[in-house]
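Atoms considered below: every heavy atom in the structure, side chains included; atoms not considered: hydrogens, waters and symmetry mates. Since the model is a prediction, treat every value here as computed from it, not as a measurement.
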Amino acid sequence: MTAVLVASGITKKFAGIAALIDAGLSVEEGERVGLIGPNGAGKTTLFNCILGVTPIDGGTVTFDGRDVTSDRVDQRARAGIGRTFQRIELFADSTVLDHLLIAERVRNGSGRFWKDLLGLGRPTAAERERADEVLTLLGLEELAAEPVERLSLGQCRLLEVGRALMTQPKLLLLDEPSSGLDRVETAALAATLREVQQQQGFAILLVEHDVDLVRSFTTRSYVLDFGHIVSEGPTAEVLASDVVRSAYLGDMEVPT
Amino acid sequence: MIIGASVLEDVARAFLQGLPPGTVYALVALGFVLTYKTSGVFNLAFGAQAYVSAVMFFKTRVEWEWPVLPALVLSVFVMAPLIGVVLELLVFRHLRNSSAISKLVVTIGLAVALPSLAEIFMGFETQSGRTPEGVLDQGASVFYDPFGIYAFSRNELVAMGVAVVAMVGLGALFRFSALGLQMRAVVESARMTELAGIAADRVSASAWALSSLFAGVAGVLIAPRFNTLSAADFFHLGVVAIAAAVVGGLTSLPKAMGAGIGLGVLIAEINTFLPRFAESRAWLRPIQDNLTPAIPFLVLFGVMVFVPAIRRSRDASDPLGGVDPPPMSIGSVVRTRQQVLVRAAVTAVLTVVVLGVVLGRADQSWMYLVTQAVVLATIFLSITLITGIAGQISLCQGAFAATGAFTVYQLVERYDLSALPAAFIGAGIAAALGALLSMPVRRLGGIWTAIATLAFAYFFDSVVLNLPFVGGGETSLLTGTSVPRPLVGPFDLADDQAFLVFCVLVLAVVSVVVVNLRSGTLGRTLLALQGSELGSQSIGISPARSRMLAFAVSAAIAGFGGGLLAMQQEDVNYASNFSPFVALVWMVIVVSIGCRSVGGALQAAGAFVLFEPVILKGALFGWLFRDPERIPDFFPISGKWVLVLFGLGTIMYARHPEGMAEYGAHRKAAKAERRRRAAEDRATAVAVDVEVAR
Ligand SMILES: Nc1ncnc2c1ncn2[C@@H]1O[C@H](COP(=O)(O)OP(=O)(O)OP(=O)(O)O)[C@@H](O)[C@H]1O
Ligand SMILES: [Mg+2]
């Protein structure tokens, strides 16, 4: 197996305070990896560094065998990194369907200025078909024409997943996809993701506070604490280890 | 050795010379930072507020012949803070949760509305020589020369003295009074203060009063420097102060002050040394006189582009800056395809009817106005594209349009080209300019795009315009900038009717282009970018590329429209057509009527050109009564009401960003939806009743 993502030595400081110190992780093709850690550990920041949202103070990001450290966000996205956000980043004033259609247009790269001028830039039947597929997959088909302002938080998260899936990523970064979803919805999302993932063979890096979801969904996990990767290994072992007990769960009881 | 000494003396002289205007800039910058920090409002109306006080002072002193003291009390100490408090209470308090952009647009609206409002109520007309004297007698003619190298006029000394007193007073207020302490706390972190239980409302109102007082003081102090009181000059002053505030980092009052004084001195130094430098450099000479007024804008532009930290100053400086949820956005009306087609058809029919009436019956002056409205509608569509679709506030559309107009003038004048191909070339040059400008500007985002484009507009106005190959330099002063109308195939557009038809065709084509772009990849990409830049990038959209394209196309449309406007008037008429302040008014009208739809742009152009003659001059009534004699007595109403009305209309925009035109449609749609729901409920209720009955 080859690694689709290798991030090594990532260091990131905010106003002199280190949010990440020499953090590294790798994800193999088609693998499902967890990234856990207490609030403020730097998980979202690490995602931002991987995607290039914030400039890093040190380290390298290699994606799909290529050094992408100096690439812009949109370049990395087109290279195959998909992502959802902890704080929803949907397009205000757009409908659910619009989100998927524009993602598909960017992916297939058929947008041309002259086509726009001649009125040929509207969504094509093929694009609608693909969007419908993803909508059906996520159970959002009823909401296709709704503007995002009318969606619940859970539906927003699903839509973010759908938008990322439209780009046919090689690696999907999920930042707390279950927050805002109830147990049943979470289980459904996990099942859907697993199904699509097996069809398309992309890898997933999952940040999640829901321990059950991490345990059932991922095979391998990293633990991040105060910007350091403090533990790594098969998820079951990592979750049972003392490091996690002290770092991640603090004085809480570990659910078994 | 002697040369060295004299140069040193010149430096010192320029320094002293720069102090008086510098202190006034500092004063305005101080007030500006105060409101920005306490209420998050980037107040572009600051110059307008200063103008109102200056006009009041002129009125009381010169026309009513009041003594200095009561005149000062009324115009500075009563009027100015009152305006501030009223603005806070009636406008900005209700916009707390609006986006920074909306607030900025409102202040632009106020910058347009306030001066006209003041002129209407005080019965003031801008006219050469109508400006107040300084506060003291013979302010401009008595001099003092403390160092033996530069003689300060009495006015200048007063300006410096007052500025120093104001700054010391503000410092003392901050240090020693409870209110000052609270204000300082709000300046540090508005949210933190609110959490600590300090009434932000009261503090904010006081800050507005105080900063407006500063505006008033500055207005009265600076007025004697102008030969004429004019709103545009005071707006310009406001922008200079913004440059100082931005150089000062927008966070610290002492730095803003220092930057204001520094700017004044810098301008004086350059004024002194540039002419010597230019003596041996011919290319500098045409712009030499105009480079100095452009310095604040160059500085402003430079700082914004090269010091990215400035742009985040407010958020970064507020420890709780990130906790507020982003402002809610109002969904635009979602229309079915059928509705869109019906609307388009209705518009087309209406256009043909109006066109028919105008072509058949209108006299020359009406024809002229209607043609002007049609051409402006084309230009306004460039605002629809850049603001309504790309979500960027561009305040330099006037410069783009002027680029097109001057290109036509130059190509016709120098190379005998026909005006029509020249207009296409003009559009191309404007597009290149737009693309070029978008490179530094596109990363700024939000209000900073607006400020940078404003800075560019003023740079164009004071430097570029004066280049011989743009505005014609001295030639144009002698002969004007005349632009003939072209021949198109068998049609001679010198004929007014033919020209009107031609302009309508252009407008139709540009409308279709804008509609196509909006529904095509570019429009949908820009909409996504507006919704969430990060989200867009995460699916592979390049913000830089999309914004550059938007700027270029918008500039091209404005450029072509500018060329047409010049052809229509057979002269470029830069000052009345394209100056930065005029472009500001365009933006205000388009935004308040509706910048998201093509219809909004058309209505805005109609309002801009025709509102005054049709409504305010009473032509509509005359027509309705079929008798010009029966027009009611209160007509004609001053044309300034147009500016007031649409300036204040931006407040509507802040609450309903889709604009008046769309807001109406929105409400109608909402009503229909409610009715449908109610009917559904009734149906269910009936069904339930039937169930129960069974
Ligand atoms: N833009 C920023 N500016 C300053 N500090 C930041 C910024 N973004 C994150 N931080 C800081 O970096 C640290 C890591 O934050 P991050 O959001 O990555 O944590 P996280 O592990 O995702 O936490 P959570 O589980 O709450 O989502 C925190 O201390 C946070 O305050
Ligand atoms: Mg996080």
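- Just one residue in the list B:Leu517, B:Val512, B:Asn516 forms a side chain to side chain contact (heavy atoms under 4.5 Å, CB included) with A:Leu117, and that residue is B:Leu517.
- In this structure, B:Ile539 CD1 and A:Arg107 CZ are separated by 12.0 Å, a value rounded to the nearest 0.5 Å.
- Residue A:Leu120: no heavy atom, backbone or side chain, is found under 4.5 Å from chain B.
- Chain A forms the most heavy-atom pairs under 4.5 Å with one residue out of B:Ile541, B:Leu527, B:Leu522, and that residue is B:Ile541.
- The distance from atom CG of A:Asp74 to atom CZ of B:Arg545, rounded to the nearest 0.5 Å, is 10.5 Å.
- Residue A:Gly111 comes nearest to B:Thr521 through the heavy atom pair CA-OG1, 3.4 Å, listed as atom of the first residue, atom of the second, then distance.
- In this structure, the portion of A:Ile81 lying under 4.5 Å from any heavy atom of chain B is its backbone and not its side chain.
- If you measure heavy-atom distances from B:Val553 to chain A, the contacts under 4.5 Å come from the side chain alone.
- Using a cut-off of 4.0 Å between Lys/Arg side-chain N and Asp/Glu carboxylate O, B:Arg596 and A:Asp93 are scored as salt-bridged.
- Heavy atoms of A:Pro123 lying under 4.5 Å from chain B belong to its backbone as well as its side chain.
- Both the backbone and the side chain of A:Arg163 come within contact range of chain B, each with at least one heavy atom under 4.5 Å from a heavy atom of that chain.
- Atom CG of B:Leu534 sits about 7.0 Å away from atom CG of A:Asn48, to the nearest 0.5 Å.
- Only the side chain of B:Leu549 comes within less than 4.5 Å of a heavy atom in chain A; its backbone stays farther off.
- Here A:Arg83 contributes atom CZ and B:Gln537 contributes atom CD; the two are 11.0 Å apart, rounded to the nearest 0.5 Å.
- For the pair B:Arg524 (side chain) and A:Gly121 (backbone), a donor-acceptor distance under 3.5 Å is present.
- Going from atom OG1 of B:Thr525 over to atom CD1 of A:Ile102 covers 3.5 Å, rounded to the nearest 0.5 Å.
- Counting heavy-atom neighbours within 6.0 Å of A:Phe113 CZ, excluding the residue itself, gives a total above 12.
- Exactly one residue among B:Ser532, B:Ser538, B:Ser536 makes a side-chain hydrogen bond (donor to acceptor under 3.5 Å, both in side chains) with A:Glu89. That residue is B:Ser532.
- By the neighbour-count criterion of 12 heavy atoms within 6.0 Å, atom CD of A:Glu142 is sparsely surrounded, having that number or fewer from other residues, nucleotides or ligands.
- Using a 4.5 Å cut-off between heavy atoms, A:Leu173 does not touch chain B at all.
- For a residue to count as touching a neighbouring chain, one of its non-hydrogen atoms must lie under 4.5 Å from one of that chain's; by this rule A:Val73 touches chain B with backbone and side chain alike.
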